[in-house]
Amino acid sequence: VRGPVCHQKALSSWKIPDEVEVISEVLKSNQYQVYLVGGSVRDFLMGRKIKDYDLVTDAKTAELEKMFPNSLEVGKQFGIVKVPVPGDIVEIATFREDGSYSDGRRPDSVTEGTMKTDVQRRDFTVNGLLYNINTHEVIDHVGGMDDMKNRVIRCIGDANSRFQEDYLRMLRALRFATALDFSLEKNTFEAVKANSAQLTKISKERVISEISRIFDNPNFIKKTNLFAQSKILNYSFETISDEVHRQILEKISRQKKPVN
């Protein structure tokens, strides 16, 4: 894993929601590190609409509970504290390190980690960027800035390992490639092809959720060769009902029709 590299982008213009700023200030006033991470950083840098703001910190779960007594119980066993704010929920995660994966879905254990181990456990380099709200720096341990510039989806670390940890990441790779109009890095693409048959081990609900989001994106038609070469849809369709399959094919058909 590369890095860290700090990019002093002109990010002082990033207007962080007040609720997120307040949570960040509480953590900083208690002498804890705090960073935005993941999709919000990626989407801001790309000029895309931001859906969720996720924070990571070196504060432990018990300490977060004291600072945010209104936090929800859901997720705390995984080192995540969810803080309700007006109209939304902000997730704060302690720096984590994953144990082994035995079910191709989630880690058997999660332990406290460091900033670096927390980034290393994530799926793709463009989702592994951290943003320091104080200094307006993007901290890049994994080469995500370069991959964003080159419009590439690349697994963090070994691609086969990332997909064998969570088989659904293969569909997520194709969803991000579709949504962002990126290509798949060679090793990532080869790992998708090598592991795609494992998708039949995933619950149909998880598969349907991902492929529905893929087919809802108009960029899907531009990526048909990518899907065909990976053969991933063949295995995805094995897990879902004929009715859902029919609905998805109808979506594809509608997107292929020329606009008058």
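Listed here is the closest heavy atom pair of Lys28 and Glu25: NZ-OE2, 2.9 Å. A pairwise comparison of heavy atoms in Ser24 and Val34 identifies OG-CG1, 3.5 Å as the closest pair. When all heavy atoms of Ala173 and Leu184 are compared, the pair lying nearest together is O-CD2, 3.8 Å. Closest heavy-atom contact between Lys15 and Asp18: NZ-OD1, 3.1 Å. Across all non-hydrogen atoms, the minimal contact from Gly128 to Val142 is O-CG2, 4.1 Å. Taking all atoms of both residues into account, the shortest heavy-atom contact from Ala59 to Thr94 is O-OG1, 2.7 Å.
Hydrophobic cluster membership differs between Val152 and Leu171, with clusters built from Ile, Leu, Val, Met, Phe, Trp and Tyr side chains linked at under 4.5 angstrom. Grouping the Ile, Leu, Val, Met, Phe, Trp and Tyr side chains by contacts below 4.5 angstrom, directly or via other members, places Met46 with Val126.
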Checking Leu45 against Met145 for the side chain to side chain contact (heavy atoms under 4.5 Å, CB included) test, could you report, in this order, the C-alpha distance in whole Å, the side-chain angles of both residues, the deciding distance, and whether it holds? CA-CA 9 Å; Leu45 291 169; Met145 291 289 284; 3.6 Å; yes
Between Tyr35 and Ile133, does a side chain to side chain contact (heavy atoms under 4.5 Å, CB included) hold up when you go through it step by step? CA-CA 7 Å; Tyr35 302 89; Ile133 299 174; over 6 Å; no
Residues Leu36, Ile16; criterion side chain to side chain contact (heavy atoms under 4.5 Å, CB included); working and verdict: CA-CA 10 Å; Leu36 280 165; Ile16 308 297; 3.6 Å; yes
Verify salt bridge (charged side-chain N to carboxylate O under 4.0 Å, His left out) between Lys222 and Asp181, making sure each step is shown before the conclusion. CA-CA 8 Å; Lys222 298 164 62 176; Asp181 196 14; 2.8 Å; yes
Take Asn127 and Arg122, measure what side chain to side chain contact (heavy atoms under 4.5 Å, CB included) needs, and give me the verdict at the end. CA-CA 7 Å; Asn127 296 336; Arg122 297 177 182 274; 5.5 Å; no
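Residues Arg42 and Leu180 are in side-chain contact: their nearest non-hydrogen atoms beyond the backbone lie under 4.5 Å apart. Between Lys82 and Ser71 the shortest side-chain heavy-atom distance does not fall below 4.5 Å. Side-chain contact between Asp147 and Ile153: absent, with no pair of heavy atoms (C-beta onward) separated by less than 4.5 Å. You'll find the side chain of Leu64 reaches within 4.5 Å of the side chain of Met67, heavy atoms only. Between Phe182 and Phe124 there is no side-chain heavy-atom pair separated by less than 4.5 Å. Side-chain contact between Asp118 and Arg121 is present, with heavy atoms from C-beta onward closer than 4.5 Å. The shortest distance between side-chain heavy atoms of Leu130 and Val41 does not fall below 4.5 Å. By the 4.5 Å heavy-atom criterion applied to side chains, Tyr167 and Thr200 are not counted as neighbours.
Between Lys51 and Asp54, none of the side-chain N atoms (NZ, or NE/NH1/NH2) sits under 4.0 Å from a carboxylate O, so this pair counts as no salt bridge. By the 4.0 Å N-to-carboxylate-O rule, Glu165 lies close enough to Arg169 to be salt-bridged with it. The existence of a salt bridge linking Asp43 and Lys49 is excluded, since no basic side-chain nitrogen approaches an acidic carboxylate oxygen closer than 4.0 Å. Classification of Arg172 and Asp166 as a salt-bridged pair fails, no side-chain N sitting under 4.0 Å from a carboxylate O.
Thr57 places a side-chain N or O within donor-acceptor distance of the main-chain N or O of Gln33, the cut-off being under 3.5 Å. A distance-only check finds no donor-acceptor pair linking the side chain of Asp88 to the backbone of Pro84 [under 3.5 Å]. The backbone N or O of Tyr32 lies less than 3.5 Å from no partner atom in the side chain of Asn30, so there is not a single donor-acceptor pair. At least one donor-acceptor pair under 3.5 Å links the side chain of Asn195 to the backbone N or O of Ala191. Side chain of Glu185 to main chain of Asn187: a donor-acceptor pair is present (N/O by atom type, distance under 3.5 Å, no hydrogens or angles). In this structure, Asp140 contributes its side chain and Gly144 its backbone to a donor-acceptor pair below 3.5 Å. With hydrogens and angles ignored, the 3.5 Å screen pairs a side-chain donor or acceptor of Glu63 with a backbone N or O of Lys60. Using modelled atom types, one side-chain atom of Thr117 and one backbone atom of Arg96 make a donor-acceptor pair closer than 3.5 Å. With hydrogens and angles disregarded, no donor-acceptor distance shorter than 3.5 Å links the side chain of Thr188 to the backbone of Ala159. Checking side-chain atoms of Ser209 against main-chain N and O of Glu205 turns up no donor-acceptor pair under 3.5 Å.
Of the candidates Glu112, Met115, Lys116, Phe95 forms a side-chain contact (heavy atoms from CB on, under 4.5 Å) with just one, namely Met115.
At a cut-off of 3.5 Å, with distance as the only test, no side-chain donor of Glu91 or Tyr53 sits close to an acceptor on the other residue. Side chains of Asn219 and Thr178: a donor-acceptor N/O pair is absent below 3.5 angstrom, by distance only.
Open room surrounds NZ on Lys186; 12 or fewer heavy atoms of other groups in view lie less than 6.0 Å from it.
To the nearest 0.5 Å, atoms CG (Asn225) and CD (Gln229) are separated by 5.5 Å. To the nearest 0.5 angstrom, Ile139 atom CD1 is 6.0 Å from Glu137 atom CD. From Cys155, atom SG reaches atom CE of Met170 across 10.0 Å, with rounding to the nearest 0.5 Å. Taking CZ of Phe176 as the reference point, atom CD1 of Ile214 lies at 10.5 Å (rounded to 0.5 Å). With values rounded to the nearest 0.5 angstrom, Lys223 atom NZ is found 12.0 Å from Ser230 atom OG. Between the CG atom in Asp52 and the CD1 atom in Ile89 there is a gap of 10.0 Å [rounded to 0.5 Å].
Relative ring orientation between Phe220 and Phe215 is described as perpendicular, the plane-to-plane angle rising above 60° on a 0-90° scale split at 30° and 60°.
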